[in-house]
Amino acid sequence: LNGSRLLDALCQLAFGMKVHSGAGPEHEGIPSFEAQLTGSPLGAWPIVVLLGISVLAGSLRLCRERRSGAILLGAVLGAALCIRLAAGLWWQASLAEGDKFGFPDSEGYWALAHTIVSGEPYQFGGPDARVFRTPGYPVLLASLFWLLGDDPSVMWARALNALLGAAAVGGVICLAWQLYDERTALLAGLMAALYPGAVAMSTFVLSEAPFCVLMLGQLILWTDSHRAAGAARSFGGALLAGLVAGAATLVRPSWLLFT
């Protein structure tokens with residue numbers, strides 16, 4: 001992705017503003033990030049955050065009354081999902097007419113998913129074109145075509161990524177619980193649920209959402225394997241971690257450098 005375009009998209013999603021990182025005709029009439037941040041409302045983002053915070057506030061009160069961490073856990077995951085769904089709806093509504101995604105990469109994933117379902121060659125851009133893109137995320141998107149027909153709404157893909165984003169928050173909680181304790185896990189989950197970058201990556205039709213779930217799953221299995229008492233359980237955890245690592249690499253091949 002082009003760096004300045006990604007920055008612009010993230011800031012539009014998180015703050016309801018456009019930014020620019022250079023001079024040129026295409027930037028004329030667009031105030032700087034600092035000027036918009038100090039001189040205008042923050043747009044839709046506070047409304048989205050308040051939605052999640054209101055769910056959490058009510059759940060905290062229940063937790064104090066019933067002393068139940070399970071209620072707070074459910075509230076964090078529910079708030080994460082609500083925030084991501086709301087952000088997806090807002091982002092889709094903010095796109096120009098005729099623009100379904102906002103990113104060229106998303107169009108490529110969508111087209112490749114269609115080729116998988118229709119049995120066509122795995123290519124995008126013409127009969128002589130080939131793309132160096134692993135099939136993990138297109139296969140996931142292809143499930144939407146199988147379930148909903150040849151032309152599903154893009155909002156289904158955004159809803160799927162929102163669900164995966166909430167699952168990633170659950171993964172953060174699980175990993176932090178393994179490494180530390182319940183209080184740390186819930187705090188880490190709350191931070192992940194509200195972190196603007198994580199919300200954004202669960203909103204766009206891009207491969208980050210499923211990758212984060214798989215990455216966290218691999219780390220959880222690694223940790224469990226390392227701490228296992230018996231050799232059989234340790235080997236089984238390591239084997240499962242390797243399989244999940246392979247799936248994560250099929251979604252984002254750069255993970256092969258770190259796994």
Side-chain touch Leu206/Ser106, heavy atoms, less than 4.5 angstrom: yes

Trp90 CH2 to Thr203 OG1 distance, which is reported to the nearest 0.5 Å: 9.5 Å

Asp150 atom CG, over 12 foreign heavy atoms within 6.0 Å: no

Path from Leu95 to Val205 over hydrophobic side-chain contacts below 4.5 Å: yes

Glu97 CD to Asp99 CG distance, which is reported to the nearest 0.5 Å: 11.0 Å

Closest approach of Ala248 to Phe211 (non-hydrogen atoms, all atoms of both residues): O-CD1, 3.8 Å

Cation-aromatic face contact Arg133/Tyr109, 6.0 Å, 45 degrees: yes

Check: Ser202 side chain, Ala198 main-chain N or O, donor-acceptor pair, under 3.5 Å: yes

Spacing of OH belonging to Tyr195 relative to CG belonging to Leu190, to within rounding of 0.5 Å: 15.0 Å

Spatial distance of atom CG (Asp181) from atom CG (Leu186) [nearest 0.5 Å]: 9.0 Å

Main-chain N/O of Gly136 paired to Thr134 side chain as donor or acceptor, under 3.5 Å: no

Donor-acceptor contact present, side-chain Gln178 to main-chain Ile173, <3.5 Å: no

Hydrophobic cluster identity match, Ile83 and Met155, side-chain contacts under 4.5 Å: no

Leu179 with Val172, same ILVMFWY side-chain cluster at under 4.5 Å: yes

Main-chain N/O of Ser225 paired to Ser234 side chain as donor or acceptor, under 3.5 Å: yes

Arg252 bridged to Glu208 by N-O distance under 4.0 Å: yes

Any side-chain heavy-atom pair of Val169 and Arg84 under 4.5 Å: yes

Candidate pair Trp110 and Phe103, rule ring pair (Phe, Tyr, Trp, His ring centres under 6.0 Å), full reasoning: CA-CA 11 Å; Trp110 197 254; Phe103 290 101; over 10 Å; no

Atom CH2 of Trp255 with >12 non-hydrogen neighbours under 6.0 angstrom: yes

Short side-chain donor-acceptor distance under 3.5 Å, Tyr137 and Asn161: yes

Any Asp224 side-chain heavy atom under 4.5 Å of Arg233 side chain: yes

Closest contact, heavy atoms only, Trp222 versus Ala241: CD1-CB, 3.4 Å

Path from Trp156 to Val117 over hydrophobic side-chain contacts below 4.5 Å: yes

Residue pair Ile116 / Ala142: nearest heavy atoms and the distance that separates them: CG2-CB, 4.1 Å

Minimum-distance pair of heavy atoms, taken over all atoms of Ser207 and Val251: O-CG1, 3.5 Å

Check: Ser94 side chain, Trp91 main-chain N or O, donor-acceptor pair, under 3.5 Å: yes

Hphob cluster co-occupancy, Leu81 + Leu160, side-chain heavy atoms under 4.5 angstrom: no

Point-to-point distance, once rounded to the nearest 0.5 Å, from CZ of Phe204 to CG of Asp105: 12.0 Å

Derivation and outcome, side chain to side chain contact (heavy atoms under 4.5 Å, CB included), residues Leu140 and Leu164: CA-CA 11 Å; Leu140 184 61; Leu164 291 168; 3.7 Å; yes

Residue pair Phe124 / Ala111: nearest heavy atoms and the distance that separates them: CD1-CB, 3.3 Å

Note, Ile220 side chain near Thr223 side chain (heavy atom, < 4.5 Å): no

Nearest-0.5 Å distance, CG of residue Leu214 to CG of residue Leu219: 11.0 Å

Under 3.5 Å: donor-acceptor pair, side chain of Thr249, backbone of Ala245: yes

Thr115 side-chain N/O to Leu112 backbone N/O, donor-acceptor pair under 3.5 Å: yes

